[in-house]
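Report on one structure; see the data block that follows.
Numbered from 1 within each chain, the chains take letters A, B, ... in sequence-line order.
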There are 2 protein chains.
Amino acid sequence: MKRPTLEVVAARAGVSKSSVSRVINGETTVAPQIRDVVMRAVRELGYVPNGAARNLVTRRTDTLALVISDPPQGVVSDDPLFSAVVRAVSRELEAAGKRLVLMLAESDQSRTRVEQYVAGGHVDGVLLVALHGTDPLPAALARQGLPLVSFNRTSAQDVPYVALDNTGGAALAVCHLLERGRRRIATITGPLELHEARERLDGYRRTLRDTGRRSIVALGDFTRVSGAEAMRQLLEDDPDLDAVFAANDLMAIGALRTLRQAGRRVPEDVAVVGFDDIEAASYTTPALTSVRSPMANQATAAVHLLLGLINGGPTDPVIMPNELVVREST
Amino acid sequence: MKRPTLEVVAARAGVSKSSVSRVINGETTVAPQIRDVVMRAVRELGYVPNGAARNLVTRRTDTLALVISDPPQGVVSDDPLFSAVVRAVSRELEAAGKRLVLMLAESDQSRTRVEQYVAGGHVDGVLLVALHGTDPLPAALARQGLPLVSFNRTSAQDVPYVALDNTGGAALAVCHLLERGRRRIATITGPLELHEARERLDGYRRTLRDTGRRSIVALGDFTRVSGAEAMRQLLEDDPDLDAVFAANDLMAIGALRTLRQAGRRVPEDVAVVGFDDIEAASYTTPALTSVRSPMANQATAAVHLLLGLINGGPTDPVIMPNELVVREST
DNA sequence: CCGCCGAAGGCAAACGCTTGCGATAAACTG
DNA sequence: CAGTTTATCGCAAGCGTTTGCCTTCGGCGG
């Protein structure tokens, strides 16, 4: 059951290991005649080069790590985001001929394991999703000196990133509500220790302030139940509100339920806008208007940035614009 | 920026490479005093063993591949299943100190890439999700002689697997409907080239036959729209039906929408049962009764089976039981 | 016809680690 | 106290590739 090595291929082809290696790696300095005999031997023996040996000498692995640093109940655990990102990254790396190792860092212990792994030279670069503002991992990985791209602005300096335009997206949502003639626009925020949630809140606040209106804020944590709860709170605080901007779709869905229970019609009495445009946003009744987060595009862009970095390319951050998808809820 | 090697650690500690290696690998045949001095050197230098070199000699990689063989629009693309499986596998491997490389095989080209990769000795074993009955990958991977576990029965012989009890789950659903007094129970199937879909249909048919009732079948493809469409078909074929068993939740959700549009009340006029119990099943109105597929447990079991195989354990298949979650739609 | 140049293939030295085996010294045994 | 067994450690041989450099050989120019 032993796999053949370069040596036996060389023997079979009647040439040296060097030549076989050169053929395998597509070098041009080898005579077509030798190339053919080598290829034949390779095929006959079913030879596949040993990865470890190759990595050892070339110091490349053609493998990138996707690290998702988030507590088990965190934001990225949110299914739609998780699979959109993972799948897009996987596809893009596949297309580039690279491999993906996926690491969920859900505890400090696993975070140090990630560091060790990266330090062990197993990967050529790291793609990092670390939404929490105080996460130590970005800085730790940056220190390793390996190419690194983050999925958002990090507290660590000089980490190239690809981020959504959260502020702009929130502004988009609020402007839309204003155009629809809404006067009292509330918001349900995400957990404010996340950059993402902060920025969405900022966008909401700034837009309202610019038009001389006041903010009505309830805190959520990006879960559906927190959205429902926050909505109850808002109705209590300000029964006359006529619109809600939720910082993500799950909370918007929760809010919809609360509104229905409270007998408010959507959108007649209260308009609702979500954020992310997850699949489920189009299932709800009424279907949810939402700011589309181009997660897949973001992931693709992040992979490209990283691959560029590995080849000595530029480190300029990328900001992804997002667009509003108008449905029945506004 | 060069990382230190065993050699420099040994020099610093004033011992041989062997001793350092033994300390690193936690062998017991090393004197505590030496152990300490080595550990200190390791810490001071920030030494981390090089993975490639280690793999090369030990022939282990502590890395397992999760291969998802499915066309881009396939079943597993279904977000909830995808992320549940990926996340559970990742957690379990993390706990076992192993690494996960994720490979989506969405084309024949990428399927051969998977084979090459596995043959290249990059992984110690493979976890395979290949639902399509005609997928050649199970057999191809089995031929490699590496430990392999599939997420369902495969056409390839002798591949250990961990499968859901699809037949039993469907029976559970139908029995429940019968107990609720339903007489005309229809079903919406998944794409029948999938084992999964076949088995669920079998379970439905067998249960009805055993109680002397006839089957009412419409074909779907596991997508929400196909569910809606199939439901329309069913209403046309048999306007008097009083219950529907959908082979997955997405189709059940589609069916709910069609029923509402058709003015049928759920569950008063028509009861609906789904399969999988995805997150969204509890969001719908009315909330969906569903057969819970313990995907996470299944994934965990698969990982354990694989790890066992690697250590020479048994290859007995595992069948996961599932339970019915009763909600408002029945 | 001779010398030189370039192309192409082979040799052998790494790459960084593990591990069987022998060496050494300490600890026993009788 | 001599003969042995034990506990530790070091030596060096790989593991399977890649690659710098040297060798060889055919071809070309002078």
Side-chain angles (χ1 to χ4, degrees), chain A residues 1-42 45-63 116-124, chain B residues 1-42 45-63 116-124:
Chain A
M1 209 67 222
K2 262 182 73 57
R3 304 212 130 278
T5 71
L6 250 203
E7 185 129 23
V8 337
V9 176
R12 171 129 189 175
V15 299
S16 74
K17 295 193 299 177
S18 325
S19 296
V20 179
S21 173
R22 294 193 176 106
V23 171
I24 299 287
N25 294 302
E27 288 189 27
T28 55
T29 70
V30 40
Q33 161 200 354
I34 291 230
R35 216 189 75 92
D36 289 347
V37 64
V38 168
M39 291 294 264
R40 172 134 31 92
V42 165
L45 294 167
Y47 169 75
V48 177
N50 177 290
R54 179 178 275 184
N55 297 347
L56 181 56
V57 39
T58 62
R59 299 166 160 308
R60 284 180 305 98
T61 61
D62 289 332
T63 300
Q116 298 270 324
Y117 185 70
V118 170
H122 293 269
V123 296
D124 296 341
Chain B
M1 211 64 225
K2 261 183 77 52
R3 302 212 130 280
T5 72
L6 248 204
E7 185 130 23
V8 337
V9 176
R12 171 129 187 173
V15 300
S16 74
K17 294 194 299 175
S18 325
S19 296
V20 179
S21 173
R22 294 194 176 105
V23 171
I24 298 287
N25 293 305
E27 288 188 26
T28 55
T29 70
V30 43
Q33 161 198 356
I34 291 227
R35 217 189 74 93
D36 290 347
V37 64
V38 167
M39 291 294 263
R40 172 133 32 94
V42 166
L45 293 166
Y47 171 74
V48 177
N50 177 290
R54 179 178 276 185
N55 298 346
L56 181 56
V57 41
T58 61
R59 295 162 164 311
R60 286 180 304 99
T61 61
D62 289 332
T63 300
Q116 297 272 323
Y117 185 70
V118 170
H122 294 269
V123 297
D124 296 341

Answer with yes or no whether [X] presents, from its side chain, a donor or acceptor under 3.5 Å of a partner atom in the base of [N].
X: A:Arg59; N: C:dG16; answer: no
X: B:Arg22; N: C:dG20; answer: yes
X: B:Thr5; N: C:dC15; answer: no
X: A:Arg3; N: D:dG16; answer: no
X: B:Thr58; N: D:dC15; answer: no

Next item on the list: Indicate, with a heavy-atom threshold strictly under 4.0 Å, whether B:Asn55 touches base, sugar-phosphate, or nothing.
Entry: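 No contact.
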Whole angstrom value for the distance that separates [atom2] of [N] from [atom1] of [X]:
X: A:Asn50; N: D:dC15; atom1: CG; atom2: P; answer: 12 Å
X: A:His122; N: C:dG16; atom1: NE2; atom2: P; answer: 14 Å
X: A:Ile34; N: C:dG10; atom1: CD1; atom2: C1'; answer: 10 Å
X: A:Leu56; N: C:dA14; atom1: CG; atom2: C1'; answer: 9 Å
X: A:Arg54; N: D:dT18; atom1: CZ; atom2: P; answer: 5 Å
X: B:Glu7; N: C:dC17; atom1: CD; atom2: C1'; answer: 11 Å
X: B:Lys17; N: D:dA12; atom1: NZ; atom2: C1'; answer: 9 Å
X: A:Glu27; N: D:dT18; atom1: CD; atom2: C1'; answer: 9 Å

Next item on the list: Begin from the C-alpha positions of B:Thr61 and B:His122 and carry the test side chain to side chain contact (heavy atoms under 4.5 Å, CB included) through to its verdict.
Entry: CA-CA 7 Å; B:Thr61 61; B:His122 294 269; 5.6 Å; no
Heavy-atom distance under 4.5 Å between the side chains of [X] and [Y], does that happen here?
X: B:Arg22; Y: B:Thr29; result: yes
X: A:Leu6; Y: A:Tyr47; result: yes
X: A:Val38; Y: A:Arg12; result: no

Margin query: Both B:Ala53 and B:Arg35 contact DNA chain D. Taking the nearest nucleotide for each, which residue is further toward the 5' end?
Written below: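 Result: B:Arg35.
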Next item on the list: May I ask you to verify if any side-chain N or O of A:Ser19 is less than 4.0 angstrom from the OP1 or OP2 atom of C:dG10?
Entry: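 Answer is yes, contact under 4.0 Å.
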Notebook entry, point to check: Looking only at side-chain N and O atoms, does B:Ser21 come under 4.0 Å of OP1 or OP2 in C:dC17?
Noted result: no
Notebook entry, point to check: Considering heavy-atom distances to DNA chain C, does A:Val15 or B:Ser18 have its closest nucleotide positioned more toward the 5' end?
Noted result: A:Val15
Next item on the list: Apply side chain to side chain contact (heavy atoms under 4.5 Å, CB included) to B:Ile34 and B:Met39, showing your working.
Entry: CA-CA 8 Å; B:Ile34 291 227; B:Met39 291 294 263; over 6 Å; no
